[in-house]
Amino acid sequence: MESLTTFSLRIPKDLARSIAVEAKRAGLSKSEYARRAMEEFNQQRMQERMAYLSTQLAAHSAAALAAMESSISDGIV
């Protein structure tokens with residue numbers, strides 16, 4: 001089994017009530033519901049970061065390709 005640790009945070013009462021209601025609807029404990037929400041958010045942020053880095057790499061690669069293509073026609077063999 002995965003090792004667990006305690007994570008404490010303060011949230012607004014309205015959010016706590018909403019979490020309790022939704023967790024009950026989903027048949028989950030409040031802790032499991034919150035854990036899944038945080039995992040999902042963390043995964044979404046990772047995907048956004050990967051997409052950003054991918055566009056940065058694509059731009060860098062396109063610039064390098066353009067530089068190499070422009071040097072082909074400079075007459076140097």
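Numbering of residues begins at 1 and proceeds along the displayed sequence.
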Pairs flagged by salt bridge (Lys or Arg N to Asp or Glu O under 4.0 Å) wherever residues 49-62 is involved - sequence neighbours left out: none
List the atom pairs, donor and acceptor, that lie under 3.5 Å between side-chain atoms in residues 28-38 and the rest of the protein, sequence neighbours left out.
{"residue": "S29", "atom": "OG", "partner": "E32", "partner atom": "N", "Å": "2.9"}
{"residue": "E32", "atom": "OE1", "partner": "R35", "partner atom": "NE", "Å": "3.0"}
{"residue": "E32", "atom": "OE1", "partner": "R35", "partner atom": "NH2", "Å": "2.9"}
{"residue": "E32", "atom": "OE2", "partner": "R36", "partner atom": "NE", "Å": "2.8"}

E48: salt bridge (charged side-chain N to carboxylate O under 4.0 Å, His left out) partners, not counting sequence neighbours: R45
- prompt: Using a side-chain heavy atom cutoff under 4.5 Å and only I, L, V, M, F, W and Y, what cluster partners does Y52 have?
  reply: L53
query: What distance do Q43 atom CD and M46 atom CE have between them, rounded to the nearest 0.5 Å?
result: 7.5 Å
Donor-acceptor contacts under 3.5 Å from residues 14-27 side chains, at least two apart:
{"residue": "D14", "atom": "OD1", "partner": "R17", "partner atom": "NH2", "Å": "2.3"}
{"residue": "E22", "atom": "OE2", "partner": "R25", "partner atom": "NH1", "Å": "2.6"}

- line: The complete set of side chain to side chain donor-acceptor pair (under 3.5 Å) pairs with one or both residues in residues 55-67, sequence neighbours excluded, reads none
